[in-house]
Participant: 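So that we are looking at the same thing, I have put the structure below in structure tokens.
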Amino acid sequence: MSRLIFDNIRDLSLKETLDCGQCFRWKEQPDGGFFGVVRGRAVTVYSDGDRLLIDGASEDDRALWADYFDLQLDYAAVKEQLAAIHPEMAQAARFAPGIRILRQEPFEALISFIISQNNNIKRITGIVDRLCGCFGEEIADGVYAFPTAGRLAALEADDLAPIRAGFRHRYIIDAARKVADGTVDLELIRGLPYDEARQQLMQITGVGVKVADCVLLYGLHRLESFPLDVWMKRAMARLFDGLDPGAFGDYAGIAQQYIFHYSRSHPEKFLS
DNA sequence: ACCCAGGAAATTC
DNA sequence: GAATTTCATGGG
């Protein structure tokens, strides 16, 4: 298989981007690469100076991978704009300047963030792995795609027992069924006004405001989304003195990811 | 044993 | 309606 090369890439760190809590299927390899599966394509990605290398990708998928890593957006300009809003924002962006917001598969983002509720990232990763291993298509030896909505829709909640997601099993099945039968149309939601998009997603049992915001940001690339989890609420109260998230404007979602990762990496700031 | 985890549903007040 | 409890599971 071939290797895709993107030259002159700025503001991208694979480790920061793939290990900052926005996605759950990339595994760091001993050689420094990251192995993952996106839209049924298994690849290993590497950084080499200002080049991004994608092993196992076809030239036909160049646009797909540029899209996935959001290579067309000028993150330097976004960071400059955000840093001017608040000094803590500037510091958070400086801590992990190579974070980018991925364009994940919408259905994968939906299920992943349903699983995320009242859970921790390590266990979320394990549950997603087991979900793929049990119900995803095997695309290579021991490598599985994320399950389709149709496949999961045919199951009952108890069939998910092997993935050990507990009370979230029935939420996963409800989401899969509503996507499979068109009750929830993720591609249609992509183009809706924000509040309407949120309401559409919240038809699903187990999807509230926070999970809907994560699906919109990580799955549908709505960069104005600003998911507020326990870390973000603490950060906004303690580091930003209760600043209104609206202050971050059209790129609030990128600000959110810098702040989330910064806060999670500095728990000592929230001890007292 | 107890508390928490990228919350939301169910129940109670 | 707003506040509280419950929901599985695993790690610290």
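Quick note on labels: first sequence line is chain A, next is B, and so on, each numbered from 1.
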Participant: Determine the minimum heavy-atom distance between A/Arg168 and A/Asn118, stating which atoms define it.
Facilitator: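 Where A/Arg168 meets A/Asn118 most closely, the heavy atoms are NH2-O, 3.0 Å.
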Participant: Given atom CD1 of A/Ile127 and atom C1' of C/dT9, what is their separation to the nearest angstrom?
Facilitator: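 Checked: the CD1 to C1' distance equals 7 Å.
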Participant: Without decimals, in angstroms, what is the distance between A/Asn118 CG and B/dG6 P?
Facilitator: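 Answer to the nearest Å: 10 Å.
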Participant: Write down the distance between CD1 (A/Ile259) and P (B/dG6), rounded to a whole number of angstrom.
Facilitator: 17 Å
Participant: What are the residues of residues 239-246 of chain A, sorted by number, that bring a heavy atom to within less than 4.0 Å of DNA chain B?
Facilitator: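 DNA chain B contact set from residues 239-246 of chain A: none.
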Participant: Any idea which heavy atoms bring A/Phe146 and A/Arg25 closest together, and the distance?
Facilitator: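 Reported closest heavy-atom pair: N-NH1, 3.4 Å.
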Participant: One character per nucleotide, please: for nucleotides 8-13 of chain B, 5' to 3', B when the base has a protein heavy atom closer than 4.0 Å, S when only the sugar-phosphate does, - otherwise.
Facilitator: SSS---
Participant: Do A/Ile254 and A/Phe226 have side chains that approach each other closer than 4.5 Å (heavy atoms only, starting at C-beta)?
Facilitator: no
Participant: Is it true that A/Tyr46 and A/Asp31 share a donor-acceptor pair across their side chains at a distance under 3.5 Å?
Facilitator: yes
Participant: Which value, in whole Å, describes the distance between the P atoms of nucleotides B/dT11 and C/dA8?
Facilitator: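 Each nucleotide's P atom is 12 Å from the other's.
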Participant: Is a donor from one side chain sitting under 3.5 angstrom from an acceptor on the other, for A/Gln199 and A/Tyr194?
Facilitator: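 The criterion, which ignores hydrogens and geometry beyond distance, is not satisfied for A/Tyr194 and A/Gln199.
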Participant: Determine the Euclidean distance between corresponding P atoms of B/dG6 and C/dT4; express it in Å to zero decimal places.
Facilitator: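 The same atom, P, in both gives a distance of 24 Å.
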Participant: Please tabulate, one pair per line, each protein N/O and nucleotide N/O from nucleotides 10-12 of chain C that are separated by under 3.5 Å, including the distance.
Facilitator:
| from | atom 1 | to | atom 2 | distance (Å) |
| --- | --- | --- | --- | --- |
| C/dG10 | OP1 | A/Arg164 | NE | 2.6 |

Participant: Answer yes or no: is there an ion pair linking A/Lys210 with A/Asp229, defined by an N-O contact shorter than 4.0 Å?
Facilitator: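 No, A/Lys210 and A/Asp229 are not salt-bridged.
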Participant: Between A/Asp48 and A/Arg51, is there a side-chain N and carboxylate O pair less than 4.0 Å apart?
Facilitator: yes
Participant: Is any side-chain heavy atom of A/Leu131 less than 4.5 Å from a side-chain heavy atom of A/Leu160?
Facilitator: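 Side-chain contact under 4.5 Å: yes.
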Participant: Indicate the atoms forming the closest heavy-atom contact of A/Asp11 with A/Arg100, along with that distance.
Facilitator: O-NE, 2.9 Å
Participant: Determine whether the aromatic ring centres of A/Phe24 and A/Phe113 lie less than 6.0 Å apart.
Facilitator: yes
Participant: Charged N to carboxylate O under 4.0 angstrom, A/Arg177 versus A/Asp181?
Facilitator: no
Participant: List the residues meeting ring-ring contact (aromatic ring centres under 6.0 Å, His included) with A/His86, not counting sequence neighbours, and say none if there are none.
Facilitator: A/Phe240
Participant: How about A/Tyr262 and A/Gln91: does a side-chain donor come under 3.5 Å of a side-chain acceptor?
Facilitator: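 A/Tyr262 vs A/Gln91: donor-acceptor pair found between side chains.
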Participant: What heavy-atom pair brings A/Tyr251 and A/Leu73 nearest, and what distance separates the two atoms?
Facilitator: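 Shortest heavy-atom contact: OH-CD1, 3.9 Å.
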Participant: What is the distance from NE2 of A/His261 to P of B/dG6, rounded to the nearest Å?
Facilitator: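 From A/His261 NE2 to B/dG6 P: 13 Å.
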Participant: In whole angstrom, give the distance that lies between atom CD1 of A/Ile115 and atom C1' of B/dG7.
Facilitator: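 A/Ile115 atom CD1 is separated from B/dG7 atom C1' by 14 Å.
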Participant: Would A/Arg39 pass as a cation-pi partner of A/Tyr68, given that its NZ or CZ must be under 6.0 Å from the six-membered ring centre and within 45 degrees of the axis?
Facilitator: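 Not satisfied by the 6.0 Å and 45° rule.
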Participant: Heavy atoms only: give me the nearest A/Leu220-A/Arg190 pair and the separation to one decimal.
Facilitator: O-NH1, 3.7 Å
Participant: Whole Å only: how far is the CD1 atom of A/Ile124 from the C1' atom of B/dG7?
Facilitator: 11 Å
Participant: Nearest-Å distance, CD1 (A/Ile114) to C1' (C/dA8)?
Facilitator: 16 Å
Participant: Do A/Phe113 and the base of B/dG6 stack face to face, with centres under 5.5 Å apart and an angle between planes under 30°?
Facilitator: no
Participant: Could you give the CG-to-P distance, from A/Leu201 to B/dG7, as a whole number of Å?
Facilitator: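 Nearest whole value for this atom pair: 17 Å.
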Participant: Between the protein and nucleotides 4-6 of chain C, are there any N/O to N/O pairs under 3.5 Å, and if so, what are the atom names and distances?
Facilitator:
none

Participant: Among residues 218-235 of chain A, which residues get a heavy atom nearer than 4.0 Å to DNA chain C?
Facilitator: none
